[in-house]
Structures are given as structure tokens and as C-alpha cells.
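Position 1 is the first residue of the sequence; numbering continues from there.
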Amino acid sequence: MNPGMIDRLSALEEEARAEIARARSAQELEQLRIRYLGRREGVLTQLMKELGSLSAEERPAAGAAANRVKTAVSTLLEETRAGLDGGAAGGDAEDLTLPGRATWQGARHPVTLVVDEICAVFAGLGFTRVRGPEAETDWYNFTALNTPLDHPAADMHDTFYLAPGVLLRSHTSPVQIRTMQEYAPPIRVLVPGMAYRRDPFDASHAPAFEQLEGLAVDEGITFVDLKATLAEFARGLFGARTTVRFRPSFFPFTEPSAEVDVSCILCGGAGCSACKGTGWVEIMGAGMVHPAVFESVGYDAERYTGFAFGMGPARIAMMRYGIPDIRLLYEADVRFLEQFA
Ligand code: 2NL
């Protein structure tokens, strides 16, 4: 018997167990395996080589002890490594270098930003913001607006019909009709909301789009009030140096009618790619409310006059933020939207 050998084996086992318990990674465990069990330099391997020099009586007990320690250390290494892989039984220490999670920053949609801004400017001129149904009857959407049902705009190919005589409104004007039915003049309302047309969905058209219309009705309202109101609006939205230009146009529900341009918000009128070198960008249509519209809501067309206008806030948002394709406004892509936070 060689108590020296047995004692050295016990001490070695104790030391190996303590070291393995401290190990925090697979690499550390592998280093320990090499240190204790490595084929050439392993501490236990070296001790086992000494077994040959023991006496025949001592060798069996020392050999058995050596094999038991070798198996114990080897098993412990394997179990500890399995625990690390599973992650549950003491995995790698927490990685304190991981960046923290950023808090979510919500943002209003660019079209909402523009609608709210326009409404704020008109609020200063006494306009109230109103809403109404998106599913309408053809009377509110066309007939009341001096647009006969055989007009091309009322065609199945241009309008989403839900049932005979029922449709998705093709503009927000039915809300003004409802407002006039409900209230006597004077009226000043601003109507933002979705409108629907059977247009192909391309870079500059969407079948569902935001519209924003305005209506003012009172005794003695003239085209001068329309011009002054829209000039004030343009300065309020685009800056004090902005000017407006009216070009003759046609809408069934206004007479006279005009297309309204503003001096280019990017170049100030000098001419650039945004205004195609003209210095002007078209932002809305407008005009004096047609007497037939007043008659359809029961207003006295001899007593009252009024002006109305309509614009597409998405177009204005695209201009203002340099958005090249209208479809970006409908994709709900967070990478696009969070730029407006
Ligand atoms: C455009 C043109 C316009 C109106 C909308 C309107 C409403 C009533 C009576 C008269 Cl109830 N007019 N709305 C008038 C002129 C133009 O919109 O280009 N929109 C995007």
C-alpha cells in the first residue's frame, strides 16, 4: 500500500472539483480537462504513470483509486458542460455589455401631422372641424352637389358602390351637405377624412386617400373672402412670404371655380424640380358654392353665398417631407414612420 499515492489522488480530486465548480464557460472546462486528464501533461495522467513503479501489493488499490478519480473528474466535467449548454444550471455569466432595449417612440403619421396643422391654421379663422359617414348615399355624394348620376364621376368605374344607391364617399363634401341640413348660416367648417375612388394604386394615386374640404356660408360672402382666406391659409401653413395664384377651372358644385397654386415652398418661386421650373405648385381646388347646392339643402340661394375648397393632405405631406411615392404613406413600415417622431 502506498498512502502517499492515495493521498495525492484525493487531494487532486478535491482540487479538480473546486476548480470545475468555479468554471463559467465551456472553454474554461476544456482547459481544466486538459490540465487534469490531458494525454501527455495531464496531472492525473502523470500520477497514473507512477503506478508502474509501485510494488505489486500497492498497485491494485492505488490503480483502482486512480481510475475512480479519473472517472469522477471526467463525469463531473461532462455534466458541468451539459449544464452550461442547457443554460439553466449555471450558464455563462450575464453579458453586461449588451446594449439596453430602446424605449418605443410613437409618432403621428405624416398625413395626420399635415391635417392637424391645416386645421390649426383654419381654427384661427373661425373654422370648426367636423366629421361624417364614409358610406353614403348617391344623393349626398352626387345629386346634392349638383352632379347628376349620369356624370362620369358617378360611374361604377370611378366609384366604389356598396349596394344600389349606396357608396363609399368619393370626396368629403357629403359632410358639408349634412352640416348645412343641420345648421343655419353662418357656417364655417373644415372637413378632413378618407375618400375613395377606383383609381389604380400607383406612385401618385391611392384608391383610399385623405381629403380635406372647407366651407363658409353667410350673407355677403364674395370671391374676395375666398381669396383672402386661402392666401392667409397659405401663409399660415407654408410661411409668411408665400403667395397664391388662382387659375380658372370647373367643378359641378362651384361657380366660378378655380385651381389654387402656391409659390413653390422649396424654391420660393425661382423654379426647381419640385415645381417643374414654374415656381408654382397646385395645392387645391376652390370656388363659390353653386346655388343649386344651396337649393338642395333648403338654403335661400338669393340670401346666402359661400365659398368651398378641397385639397389632398397626402400631396402636401409628400411635398413638404420629400416623399417620392404615395404608397409609402400606406405601408405602415415603422422604419419610414418613425422618422416623423
Ligand atoms: C379638389 C377640389 C373642391 C369643393 C371641393 C364643395 C363642397 C360643397 C359645396 C361646394 Cl358642399 N364645394 N367642395 C369645392 C371646390 C373644390 O375640391 O381638388 N379637391 C381635392
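- Every pair passing side-chain hydrogen bond (donor to acceptor under 3.5 Å, both in side chains) that includes a residue from residues 292-312 is listed here, sequence neighbours excluded: E219-R303.
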Q.
Run E30 and R81 through salt bridge (charged side-chain N to carboxylate O under 4.0 Å, His left out) and show every step you take.
A. CA-CA 9 Å; E30 177 60 10; R81 175 184 298 229; 3.5 Å; yes
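- When all heavy atoms are compared, the tightest approach of L44 to L9 is CD1-CD2, 3.5 Å.
- C119 and L190 make their closest contact through CA-CD2, 3.6 Å (heavy atoms, listed as atom of the first residue, atom of the second, distance).
- A side-chain donor from one of S55 and E58 sits under 3.5 Å from a side-chain acceptor of the other.
- Taking every heavy atom of both residues into account, S263 and R241 meet most closely at OG-O, 4.3 Å.
- Of all heavy-atom pairs spanning W104 and V334, the tightest one is CH2-CG1, 3.3 Å.
- Residues T254 and A308 come closest through the heavy atom pair CG2-CB, 4.5 Å.
- Residue pairs satisfying the side-chain hydrogen bond (donor to acceptor under 3.5 Å, both in side chains) criterion with at least one member in residues 186-201, sequence neighbours excluded, are listed as follows: E134-Y196.
- Pairs of residues two or more places apart, or lying in two chains, that qualify as salt bridge (Lys or Arg N to Asp or Glu O under 4.0 Å) and include a residue from residues 103-132 are R108-D116, D116-R129, E117-R320.
- The shortest heavy-atom contact between G106 and A341 is O-CB, 4.0 Å.
- Comment: R245 does not engage E259 in a salt bridge, judged by the lack of any side-chain N to carboxylate O separation of less than 4.0 angstrom.
- The existence of a salt bridge linking E28 and R22 is excluded, since no basic side-chain nitrogen approaches an acidic carboxylate oxygen closer than 4.0 Å.
- F142 has its side chain out of reach of H151: every pair of non-hydrogen atoms, C-beta onward, lies at least 4.5 Å apart.
- Connection of F307 to V130 is not established within any shared hydrophobic cluster, with ILVMFWY side chains joined at heavy-atom distances below 4.5 Å, either directly or through further cluster members.
- Within the 4.5 Å cutoff, the side chain of V289 has heavy atoms near those of the F294 side chain.
- Environment of CD in E41: sparse, with no more than 12 heavy atoms of neighbouring residues, nucleotides or ligands closer than 6.0 Å.
- A 4.5 Å side-chain heavy-atom check between P186 and I221 finds every atom pair outside the cut-off.
- Between the side chain of S249 and the main chain of S257, no donor-acceptor pair closer than 3.5 Å is present.
- A donor-acceptor pair under 3.5 Å is absent between the side-chain atoms of E210 and the main chain of A195, judged by distance alone.
- Separation of atoms CG (L212) and NE2 (H171) is listed at 14.5 Å; rounding is to 0.5 Å.
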(Q) For a side-chain hydrogen bond (donor to acceptor under 3.5 Å, both in side chains) check, start with the C-alpha distance between S170 and N141, then their side-chain angles and the critical distance, and finish with the verdict. (A) CA-CA 7 Å; S170 63; N141 197 79; 2.9 Å; yes
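- D202 contributes a side-chain N or O that, together with a main-chain N or O of H205, makes up a donor-acceptor pair within less than 3.5 Å.
- Taking hydrophobic clusters as Ile, Leu, Val, Met, Phe, Trp and Tyr residues chained together by side-chain heavy-atom distances below 4.5 Å, M284 shares a cluster with M288.
- Although no hydrogens or angles enter the test, the distance criterion places a donor-acceptor pair under 3.5 Å between the side chain of E213 and the main chain of S173.
- Note on W139: it clusters hydrophobically with M180, by side-chain heavy-atom contacts below 4.5 Å among ILVMFWY residues.
- Expressed to the nearest 0.5 Å, how far CD1 of I316 lies from CD1 of I265 amounts to 8.5 Å.
- Side-chain atoms of I20 and L29, non-hydrogen and from C-beta on, do get closer than 4.5 Å to each other.
- A distance of 10.5 Å separates CZ in R315 from CG in L329, rounded to the nearest 0.5 Å.
- Between L215 and T179, every side-chain heavy-atom pair lies at or beyond the 4.5 Å cut-off.
- How far OG1 of T45 is from CZ of R35: 13.0 Å, rounded to the nearest 0.5 Å.
- Under the 4.5 Å side-chain heavy-atom criterion for ILVMFWY residues, a single connected hydrophobic cluster contains both F336 and M319.
- In this structure, V121 and F127 have side chains that are not in contact, with every pair of non-hydrogen atoms separated by 4.5 Å or more.
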(Q) Q339 vs Y321, test: side-chain hydrogen bond (donor to acceptor under 3.5 Å, both in side chains). Steps then yes/no. (A) CA-CA 10 Å; Q339 298 177 78; Y321 301 115; over 6 Å; no
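- Judged by distance alone, with hydrogens and angles left aside, the side-chain atoms of H290 form a donor-acceptor pair with the main-chain N or O of A292 at under 3.5 Å.
- The CG atom of L145 lies 11.0 Å from the OH atom of Y140; values are rounded to the nearest 0.5 Å.
- The shortest side-chain heavy-atom distance between D261 and I283 does not fall under the 4.5 Å cut-off.
- Open room surrounds OH on Y183; 12 or fewer heavy atoms of other groups in view lie less than 6.0 Å from it.
- Here the side chains of R39 and I34 are not in contact, with every heavy-atom distance at 4.5 Å or above.
- Test F246, F253, F223, F122 against F309 for ring-ring contact (aromatic ring centres under 6.0 Å, His included) and you get one pass: F122.
- Following chains of ILVMFWY side-chain contacts shorter than 4.5 Å, one can reach L237 starting from V260, so the two form part of one hydrophobic cluster.
- Using modelled atom types, one side-chain atom of D225 and one backbone atom of T222 make a donor-acceptor pair closer than 3.5 Å.
- A salt bridge links R8 and E50; the closest N-O separation between the charged side-chain nitrogens and carboxylate oxygens is under 4.0 Å.
- A distance of 9.5 Å separates OG1 of T71 from CG of L37, quoted to the nearest 0.5 Å.
- Note on E13 versus R17: salt bridge recorded, some NZ/NE/NH1/NH2 to OD/OE distance being below 4.0 Å.
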